[in-house]
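Accompanying notes for the structure given below.
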Amino acid sequence: MDKRPIGIFDSGVGGLTVVKQVIKAMPGEDTVYFGDTARVPYGSKSKETVTEFSRQIMRFLLKQDVKAVIIACNTVSSNSYHDLETEFDIPIIEVVSPGVESCLAVTKTNRVGVIGTAATIKSGAYEHRLKAARPEIQVFQKSCPLFVPLAEEGFTENDIAKLTVKTYLKELKDKNIDSLILGCTHYPMLKKTIGEYMGEEVKIVDPATETAHKMKDFLESRNMTSGKEKGSHIFYCSDNCSQFNMICNKNLEIQCRVHKENAERY
Ligand code: DGL
């Protein structure tokens, strides 16, 4: 048994889509979440900057005595995971591999789409791993940077969201894909709008579910589960806490306690 919390972080509210699946898969675990709302978006920044921001958040989470960390951010997972894994002596689970595994399980035609931030798409992480696992797969990618501020603003199903989805995804819709990986943790907040535009024949793959199960399997295999019935959840963000609190309550359907913390101090 290990009663310490699981640390989870992202550039902003996006990682809450992962927290939601973590609570579902492991209701007895405590979590500590950090959303770097002062410095969002990460997707337009360099690998060096994203890695440095992530190091600061990792140090903050370690101070909260977490037992393991989920990088609930595709941009960090695809650009900085190897650096973080080498530098920090704590189990770290990222979101790209679970997304790849989920997609391989659902595609029948091997024509798949990947959407993410500019930094995630540029890293080629999804394409490389999909092709390494199944060389015949065809991967069509598109970065959709405006989905992040839409999610942060809570604009997920209105006309602005619908027009933005159509503008970005038109070229993928024309590619006859049968599955689409939401390669940014903010994007599941727009899942309904994206799904309606792409049509029923395209399966929407959200890596969050598989990520949560990966952490669950890991904790169980090491006898590191909390042994509790119901976990508690603490949220930190680096700016605009009231907006974060609103999105948090809306997405998690639990009363969230949000605290302000400056990651740069770590
Ligand atoms: N939610 C993050 C991701 O999964 C980062 C989005 C951003 O800050 O640009 O990539």
Side-chain angles (χ1 to χ4, degrees), residues 4-19 22 31-101 114-133 141 143 145 148 181-187 207-208 210-212 214-215 217-219 222 224 236-238 261-266:
R4 292 177 298 162
I6 300 169
I8 304 174
F9 75 94
D10 178 45
S11 62
V13 299
L16 296 174
T17 60
V18 178
V19 175
V22 166
T31 64
V32 179
Y33 182 86
F34 189 90
D36 199 2
T37 45
R39 301 187 290 193
V40 65
Y42 280 12
S44 56
K45 297 188 171 68
S46 69
K47 178 181 161 74
E48 291 71 29
T49 299
V50 168
T51 306
E52 188 46 34
F53 288 177
S54 307
R55 278 190 192 107
Q56 294 169 351
I57 298 170
M58 286 291 297
R59 287 186 211 116
F60 166 74
L61 290 174
L62 287 172
K63 279 245 159 35
Q64 312 311 306
D65 196 26
V66 297
K67 60 184 168 189
V69 172
I70 297 178
I71 304 175
C73 175
N74 290 264
T75 306
V76 176
S77 297
S78 55
N79 285 280
S80 317
Y81 169 68
H82 293 295
D83 288 325
L84 300 177
E85 203 214 3
T86 313
E87 293 169 26
F88 292 92
D89 187 19
I90 186 164
I92 304 177
I93 285 186
E94 50 83 42
V95 285
V96 174
S97 302
V100 167
E101 284 160 31
V114 179
I115 54 175
T117 66
T120 297
I121 298 302
K122 190 170 160 227
S123 78
Y126 274 103
E127 188 172 19
H128 293 153
R129 284 184 223 184
L130 284 162
K131 288 202 161 143
Q141 305 195 82
S143 62
V148 172
I181 300 178
L182 304 182
C184 171
T185 53
H186 281 74
Y187 297 3
E210 189 55 31
T211 303
K214 221 168 170 171
M215 180 55 89
D217 291 347
F218 174 80
L219 295 179
R222 307 289 164 107
M224 281 172 72
Y236 292 89
C237 70
S238 46
E261 183 58 71
N262 180 0
E264 285 171 39
R265 298 202 297 123
Y266 294 88

Do [X] and [Y] come close enough that some side-chain heavy atom pair is under 4.5 Å?
| X | Y | answer |
| --- | --- | --- |
| T75 | C184 | no |
| Y33 | D10 | yes |
| Y187 | V148 | yes |

What distance separates [X] [atom1] from [Y] [atom2], expressed to the nearest 0.5 Å?
| X | Y | atom1 | atom2 | value |
| --- | --- | --- | --- | --- |
| L61 | Q56 | CG | CD | 12.0 Å |
| S80 | E94 | OG | CD | 11.5 Å |
| E48 | T51 | CD | OG1 | 7.0 Å |
| T117 | K45 | OG1 | NZ | 10.5 Å |
| K214 | D217 | NZ | CG | 9.5 Å |
| L62 | K67 | CG | NZ | 14.5 Å |

For S238 and R39, test the side chains for any donor-to-acceptor distance below 3.5 angstrom and give the result as yes or no.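 R39 and S238 do not have a side-chain donor-acceptor pair below 3.5 Å.
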Is the backbone N or O of V95 less than 3.5 Å from a side-chain atom of S77, with the two atoms forming a donor-acceptor pair by type?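 Side chain of S77 to backbone of V95: a pair is present.
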Greater than 12 external heavy atoms within 6.0 Å of R59's CZ: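 Yes - once you tally the heavy atoms of other residues, nucleotides and ligands closer than 6.0 Å, there are more than 12.
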Tell me whether D65 at atom CG has more than 12 heavy atoms from other residues, nucleotides or ligands lying less than 6.0 Å away.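 Atom CG in D65 is packed in, count exceeds 12.
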Is there a side-chain contact (heavy atoms from CB on, under 4.5 Å) between L182 and I115 once you walk through the steps? CA-CA 6 Å; L182 304 182; I115 54 175; 3.8 Å; yes
Where is the tightest heavy-atom contact between A125 and S78, given as atom of each residue plus distance?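 Shortest heavy-atom contact: CB-CB, 3.5 Å.
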Do you know the tightest heavy-atom contact between Y126 and N74?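 Shortest heavy-atom separation between Y126 and N74 comes out as OH-OD1, 2.6 Å.
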Mind checking salt bridge (Lys or Arg N to Asp or Glu O under 4.0 Å) for E210 and listing every partner two or more places apart, or none if nothing turns up?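 Here no residue qualifies.
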Who pairs with K122 by salt bridge (Lys or Arg N to Asp or Glu O under 4.0 Å), at least two apart in sequence or on another chain?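 Listed in chain order: nothing, the list is empty.
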Residue pair V22, M215: steps toward the side-chain contact (heavy atoms from CB on, under 4.5 Å) verdict: CA-CA 8 Å; V22 166; M215 180 55 89; 5.8 Å; no
With sequence neighbours excluded, give me every salt bridge (Lys or Arg N to Asp or Glu O under 4.0 Å) pair touching residues 73-87.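 Salt bridge (Lys or Arg N to Asp or Glu O under 4.0 Å) check on residues 73-87 returns R55-E87.
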Show the numbers, then the answer: is there a side-chain contact (heavy atoms from CB on, under 4.5 Å) between V69 and M58? CA-CA 8 Å; V69 172; M58 286 291 297; 3.8 Å; yes
Determine, stepwise, if the pair Q64 / Y236 fulfils side-chain contact (heavy atoms from CB on, under 4.5 Å). CA-CA 11 Å; Q64 312 311 306; Y236 292 89; 3.8 Å; yes
Would you say the ring centroid of F9 lies under 6.0 angstrom from that of F60?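 No, too far apart.
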Under the criterion side-chain contact (heavy atoms from CB on, under 4.5 Å), which of L84, I71, D36 is the partner of S54?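 Testing S54 for a side-chain contact (heavy atoms from CB on, under 4.5 Å) against L84, I71, D36 leaves exactly one candidate, L84.
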